[in-house]
A.B. asks: 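Below are the structure tokens for one structure; questions will follow.
Please read all numbers here as calculations on a predicted model, not as lab measurements.
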Amino acid sequence: MNYWFMKSEPDDVSIDDLAKRQDQTVGWYGVRNYQARNFMRDEMQLGDRVFFYHSSCKEPGIAGLAEVCSHAYPDPTQFDANSEYFDSKSTQEAPRWLQVDVRFVQKTRLLSLSELRGYPELAEMLLLKKGSRLSITPVSAIDAAFILAKLC
DNA sequence: GCCAACGTTGGC
DNA sequence: GCCAACGTTGGC
């Protein structure tokens with residue numbers, strides 16, 4: 001089993017929104033970065049654990065836990081001309097962009113970005129690297145265990 | 001709103 | 001294939 005950070009803007013989909021959704025599940029639409037897409041396509045497995053991270057908001061940080069509950073499949077928003085995620089170069093035959101479904105596990109206290117940065121044990125995490133903008137990043141088992149302990 | 005850092009595009 | 005210009009991300 002792998003662990004991941006997945007960033008979401010809470011104005012778009014927050015951990016509370018996820019908990020309220022039908023089946024408490026959301027398709028992780030809108031990824032438009034090849035590296036992040038490839039993580040979903042090549043490395044994510046059913047049951048992988050997700051740290052649900054709120055970004056681009058007043059208090060960025062970990063807001064809850066979720067799990068991967070589908071394999072990668074085409075992101076429907078790439079075909080929707082009315083969507084901000086529309087990609088005119090993508091076709092049904094050869095879709096560029098993929099998503100996975102993510103299911104709510106639990107809400108946690110907000111473990112803020114500044115708190116995460118305060119732990120030297122986590123300094124090597126991809127998420128905390130200078131200039132890191134990837135919306136999906138892997139987390140080592142050791143770092144995941146450390147974070148889970150801090151969340152409780 | 002600013003801006004550093006990064007990714008993508010496209011001319012050559 | 002290089003790389004300058006441009007667009008985006010996301011914390012502050």
Side-chain angles (χ1 to χ4, degrees), chain A residues 2-21 25-44 48-68 70 72-140 142-144 146-151:
Chain A
N2 308 304
Y3 292 86
W4 304 92
F5 274 109
M6 294 180 79
K7 297 183 188 173
S8 180
E9 301 188 12
D11 287 347
D12 191 5
V13 181
S14 71
I15 189 73
D16 290 325
D17 294 332
L18 181 62
K20 277 185 263 175
R21 285 185 65 94
T25 295
V26 70
W28 206 267
Y29 62 90
V31 170
R32 294 294 180 269
N33 170 284
Y34 290 106
Q35 212 178 333
R37 180 203 67 183
N38 293 348
F39 281 141
M40 291 195 286
R41 185 188 63 193
D42 304 333
E43 301 197 30
M44 276 193 182
D48 276 4
R49 285 304 172 119
V50 172
F51 294 105
F52 194 106
Y53 180 93
H54 284 176
S55 71
S56 293
C57 58
K58 192 180 284 181
E59 275 196 294
I62 298 168
L65 302 176
E67 64 181 358
V68 174
S70 82
Y73 62 97
D75 175 346
T77 63
Q78 70 196 304
F79 306 122
D80 177 1
N82 295 317
S83 168
E84 61 175 310
Y85 297 113
F86 178 66
D87 184 343
S88 61
K89 296 185 186 133
S90 194
T91 65
Q92 298 277 352
E93 294 72 30
R96 270 192 184 187
W97 305 114
L98 304 174
Q99 63 181 25
V100 296
D101 290 341
V102 166
R103 182 187 297 128
F104 177 80
V105 172
Q106 68 177 93
K107 190 175 175 177
T108 63
R109 75 179 178 91
L110 190 104
L111 204 177
S112 70
L113 177 62
S114 60
E115 181 179 344
L116 286 171
R117 288 200 191 284
Y119 297 122
E121 295 90 335
L122 300 178
E124 293 305 307
M125 272 205 314
L126 213 51
L127 178 91
L128 300 181
K129 287 288 187 184
K130 187 177 180 187
S132 170
R133 308 183 311 184
L134 263 186
S135 62
I136 299 175
T137 57
V139 188
S140 73
I142 291 171
D143 291 345
F146 183 88
I147 293 166
L148 286 169
K150 295 295 177 190
L151 281 171

A.B. asks: If I take atom CZ in residue A/R96 and atom P in nucleotide B/dT8, what distance separates them, rounded to the nearest angstrom?
C.D. replies: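 Nearest whole value for this atom pair: 10 Å.
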
A.B. asks: Hey, is the side chain of A/K130 poking within less than 4.0 Å of OP1 or OP2 on B/dA5, counting only N and O atoms?
C.D. replies: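 It does, given that an N or O in the side chain of A/K130 lies less than 4.0 Å from OP1 or OP2 of B/dA5.
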
A.B. asks: Any donor-acceptor pair under 3.5 Å joining the side chain of A/R32 to the base of C/dT8?
C.D. replies: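 Answer no: no donor N or O sits under 3.5 Å from an acceptor.
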
A.B. asks: Whole angstrom is fine here: how far is it from CG in A/D87 over to P in C/dT8?
C.D. replies: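 Computing the A/D87:CG to C/dT8:P distance gives 13 Å.
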
A.B. asks: Whole-Å distance between C/dG10 P and A/N33 CG?
C.D. replies: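 Atom-to-atom, A/N33 to C/dG10, this comes out as 9 Å.
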
A.B. asks: Roughly, in whole Å, what's the span from NZ in A/K129 to P in B/dG7?
C.D. replies: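 Atom NZ in A/K129 sits about 14 Å away from atom P in B/dG7.
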
A.B. asks: Grab the CG-C1' distance between A/D12 and C/dG10 for me, whole Å please.
C.D. replies: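 Value for this atom pair: 15 Å.
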
A.B. asks: Within less than 4.0 Å of OP1 or OP2 of C/dG11, is there a side-chain N or O belonging to A/Y53?
C.D. replies: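 So the side-chain polar atoms of A/Y53 do come within 4.0 Å of the phosphate oxygens OP1 or OP2 of C/dG11, strictly under.
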
A.B. asks: Measure CG/A/L128 against P/B/dA4 and give the value in whole Å, please.
C.D. replies: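 Whole-Å distance recorded here is 21 Å.
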
A.B. asks: What is the ring orientation for A/F51 with A/Y3, classed by angle as parallel under 30°, tilted 30 to 60°, or perpendicular over 60°?
C.D. replies: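 Plane angle under 30°, so parallel.
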
A.B. asks: Among C/dG11, B/dT9, B/dG7, which nucleotide has an atom closest to any side-chain atom of A/K89?
C.D. replies: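 Nearest listed nucleotide: B/dT9.
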
A.B. asks: Do the non-hydrogen side-chain atoms of A/E43 and A/W4 ever get within less than 4.5 Å of each other?
C.D. replies: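 Side chain of A/E43 against side chain of A/W4, heavy atoms only: contact under 4.5 Å found.
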
A.B. asks: Ignoring backbone atoms, test whether A/K7 places a side-chain nitrogen or oxygen under 4.0 Å from the OP1 or OP2 oxygen of C/dT9.
C.D. replies: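 For C/dT9, OP1/OP2 do not have a side-chain N/O of A/K7 under 4.0 Å.
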
A.B. asks: Out of C/dG11, B/dT9, B/dG7, which nucleotide sits closest to the side chain of A/R133?
C.D. replies: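 Nearest nucleotide to the side chain: B/dG7.
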
A.B. asks: Rounding to a whole Å, what distance do you find between A/E84:CD and C/dT9:P?
C.D. replies: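 Rounded to the whole Å, the gap is 9 Å.
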
A.B. asks: Is the shortest heavy-atom distance from the side chain of A/T77 to the side chain of A/R32 under 4.5 Å?
C.D. replies: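 Yes - at least one pair of side-chain heavy atoms lies under 4.5 Å apart.
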
A.B. asks: Can you tell me which nucleotide in C/dC12, B/dT8, C/dG7 comes closest to the side chain of A/Y34?
C.D. replies: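 From the listed options, B/dT8 comes nearest.
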
A.B. asks: Using side-chain heavy atoms (C-beta onward) and a distance below 4.5 Å, is A/Q78 in contact with A/F86?
C.D. replies: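 With C-beta onward as the side chain, the pair stays apart.
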
A.B. asks: So, A/R109 and A/E115, do they make that salt bridge, N to O below 4.0 Å?
C.D. replies: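 Yes, A/R109 and A/E115 are salt-bridged.
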
A.B. asks: Which whole-number value in Å describes the distance from A/R117 CZ to C/dG11 P?
C.D. replies: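 Rounding to the nearest Å, CZ of A/R117 and P of C/dG11 are 8 Å apart.
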
